[in-house]
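Nothing here was measured: the structure is a model prediction, and the numbers come from that model. The analysis underlying the following values was restricted to heavy atoms, covering all of them including side chains, and did not include hydrogens, waters or symmetry mates.
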Number of protein chains: 2
Amino acid sequence: MDVKIVDVAMIAGVSPATVSRVLNHTSKVSARTRDKVMRAIEELGYHPNAAAKNLRSQRTMTIGVIVPDINNSYFAEIIKGIENIAYAQHYKIIICDTQNQKEREAEYLNLLLDRTIDGAIILTPLVEDQELIELADKGYRLGVVGKYVKHDQVPCIYTDNVKFSQEVVQHLVDQGHRDIVFLSGYADAVDSYERLEGYLKALRSHHIPFRPELVENGNFNEQGGYEAMKRLFEKRLSFTAVYAANDEMALGVYQACAEYGMRIPDQLAVVGVDNNRISRYIQPTLSSVDQPKYTMGAILAEKLIDMMNHNEFAHQRVFRIDSTLLIRESSAYQRKS
Amino acid sequence: MDVKIVDVAMIAGVSPATVSRVLNHTSKVSARTRDKVMRAIEELGYHPNAAAKNLRSQRTMTIGVIVPDINNSYFAEIIKGIENIAYAQHYKIIICDTQNQKEREAEYLNLLLDRTIDGAIILTPLVEDQELIELADKGYRLGVVGKYVKHDQVPCIYTDNVKFSQEVVQHLVDQGHRDIVFLSGYADAVDSYERLEGYLKALRSHHIPFRPELVENGNFNEQGGYEAMKRLFEKRLSFTAVYAANDEMALGVYQACAEYGMRIPDQLAVVGVDNNRISRYIQPTLSSVDQPKYTMGAILAEKLIDMMNHNEFAHQRVFRIDSTLLIRESSAYQRKS
DNA sequence: CTGATTTATGAAATCGATTTCACATTTGGG
DNA sequence: CCCAAATGTGAAATCGATTTCATAAATCAG
């Protein structure tokens, strides 16, 4: 049914090899034959079969992007960055949404093994580093956004969680807060424990004693943040500020505050992370840490593609990117001490 | 370097054909040989090469999803619906973000022609129906979300733009408005002109004369909505309500209102479409038309996969889904007449 | 126990491109 | 004007699976 390379060759009066050469510019072809071939291709509406091409050339020009949740502007922005670079370099991307399930992530990594994709970019991986390292050891190409992975063939890009968490706490302390809640995501995520670490460091440097009861887990989503906050209110603990490990949970904090009649920011200051689009629209506007998402995606894609094309590894492969604390209304109230 | 089916066959002491049979359950294999084969596969860590498989079997078990902008929760939700169905049916999906460029959309449709994908789902296509129809005529499998396409091999699902637009206008009229702005997206998008059509119909049925100067184009994004609104304010036209063809543009309206000191909803009522997540968080909360996005994606994927699997076309292929007008604060102010 | 049927397996063809190798034809240097 | 190098092209091998066809072995009916 479909038209194949031999059909084109037949019409053009040349061999399939020559047609291939014309299409791939892989060796010199005289202007006359190139012409004949192009005309034949046009006439027949020929499109090279991708599977055959992939099989013979041992590459698919496809990158898999493994993401916990595409309906989250943080990831969507990163993907945009990846997609634009990939498109420019004639790579396709397969987006794999794991819906935050570790086993789906593992399953999608199999696309590397069966050679459906030439390489994979993983956004904040759920699987253990060890697994990624083993893949890289076997020569599979992968890159990581949002986490540092120790393997000299794995490019990665991330923001320094510890550092910006310290900045957040510093800011809250400057505003006169000492009793600061930390809302964490799932415990085994880097983003959780590193942000916690920064929080603890900052407390220490201000000689503020750590109160473990002020740390709660909100699973990185709005519902979780809401419930965590409710638990804190119910325990009647004293605190004047909340540092939520992402904006989603901060939204849950807003909701709980509305329910319990707490005013933001004068009764409770709130800071989140991700600079989710909503944080600019909600009332009061939400202070948040902004990461250059698009750029992160673009840089990593660039690097990975570079490695895949030249089959060598890059001079620089670890990128630690600076993030910016955006101070908005939710933390702009200065407490008298 | 990689382990191939012959290697497995060698170790298991059988022929490649038998290994293939074990893997694909394509004909009876004795328990003993199945065992040997499975052990060999395990031992060698064998993964069938996708390209070879695709080439021989003439299918890739992959669906392309072509979308104007993944960083838009409307599309992201639809994709979620598609992804979940696809995953359950062992299909992979390739997400292609066209960034609203017609030529990219066309380029991505080539994935059908070169057999990279078995079928495509297009979310609110930019290309002409004619092009899609031609593809379908040639036997390529495709489905459409957000638009009706007249071809008995193309399943499609959409909400009735004309109908819900009439509802929106009806609601605004009920609130005492007669001078209602319509903010359109790009003119050649179905969603634009059908929503305009509903707007016009509603006006007619209320014997409200149509004022062409109250129709502006905002390109479906926030910036466009903002600029369109500014133009209207600058012209000093009289109006008391805005129907924006999507929520993004409605956000632009909010921005313009803030700048021009217009209060929503008492000086200006606003209604949008899509029930973007932000519409619940912004102040005042934004009235909007909600479409069952996830479900739309899921139904269409189900249908398309069904057609691909059984290679026959479905009994029902056109789905017109009901949408719901959610009335929130931005249009809840009753004008005295 | 014999011939017919079923079951389990292997050899070889096949999917549709790319690439190697060989060879004929030009081109160019002296 | 002749031989060496460069250029352009085709035949055939190849990528790694699936599938057809043939056949040996096992089962069954009478």
For B/M61, does the CE atom sit with more than 12 other heavy atoms under 6.0 Å from it, leaving out its own atoms? yes
Over how many whole Å does the gap from B/L113 atom CG to C/dG16 atom P extend? 15 Å
Does B/T33 make a side-chain N or O approach to OP1 or OP2 of C/dT9 shorter than 4.0 Å? yes
With distance as the sole criterion, do the side chain of A/R32 and the base of D/dG8 form a donor-acceptor contact below 3.5 Å? no
Taking D/dT18, C/dT18, C/dT9 as options, the one with an atom nearest any side-chain atom of B/I5 is D/dT18
Candidates C/dT9, D/dA17, C/dT18 - which lies nearest the side chain of B/K53: D/dA17
Does B/E103 CD have over 12 foreign heavy atoms under 6.0 Å away? yes
Length of the CG-P vector between B/L44 and D/dG16, whole Å: 15 Å
Taking the six-membered ring of B/Y87, is NZ or CZ of A/R104 closer than 6.0 Å to its centre and within 45° of its axis? yes
Heavy atoms under 4.0 Å, any strand shown: does B/V14 hit a base, just sugar-phosphate, or nothing? sugar-phosphate
Consider the side chain of A/A17, meaning its heavy atoms from C-beta on, and name the nucleotide among C/dG10, C/dA17, D/dA11 that approaches it most closely. D/dA11
Does A/K4 have a side-chain nitrogen or oxygen under 4.0 Å from the phosphate oxygens OP1 or OP2 of C/dG16? yes
Please tell me which of the listed nucleotides, D/dT14, C/dC15, D/dA17, lies nearest to the side chain of B/Q58? C/dC15
Evaluate A/T60 against A/D118 for side-chain hydrogen bond (donor to acceptor under 3.5 Å, both in side chains), listing each step before the verdict. CA-CA 6 Å; A/T60 62; A/D118 293 342; 3.1 Å; yes
B/Y46 side chain near D/dG16 phosphate (N/O to OP1/OP2, under 4.0 Å): no
Out of C/dG10, D/dG16, D/dG10, whichever nucleotide has its closest atom nearest the side chain of B/L55: D/dG16
Compare side-chain N and O positions of B/S30 against OP1 and OP2 of C/dT9 and report whether any pair is under 4.0 Å apart. yes
Could you check how far NE2 of A/H47 sits from P of C/dA17, rounded to whole Å? 12 Å
Can you tell me if the side-chain N/O atoms of A/T18 get under 4.0 Å from OP1 or OP2 in D/dG10? yes
In whole angstroms, how far is the P atom of D/dT19 from the CG atom of B/L23? 12 Å
Nearest to the side chain of B/R56 - D/dG8, C/dG16, D/dT19? D/dT19
Any A/N24 side-chain nitrogen or oxygen under 4.0 Å from OP1 or OP2 of C/dT18: yes
Donor-acceptor pair under 3.5 Å: do we get one between A/R21's side chain and the base of D/dG10? yes
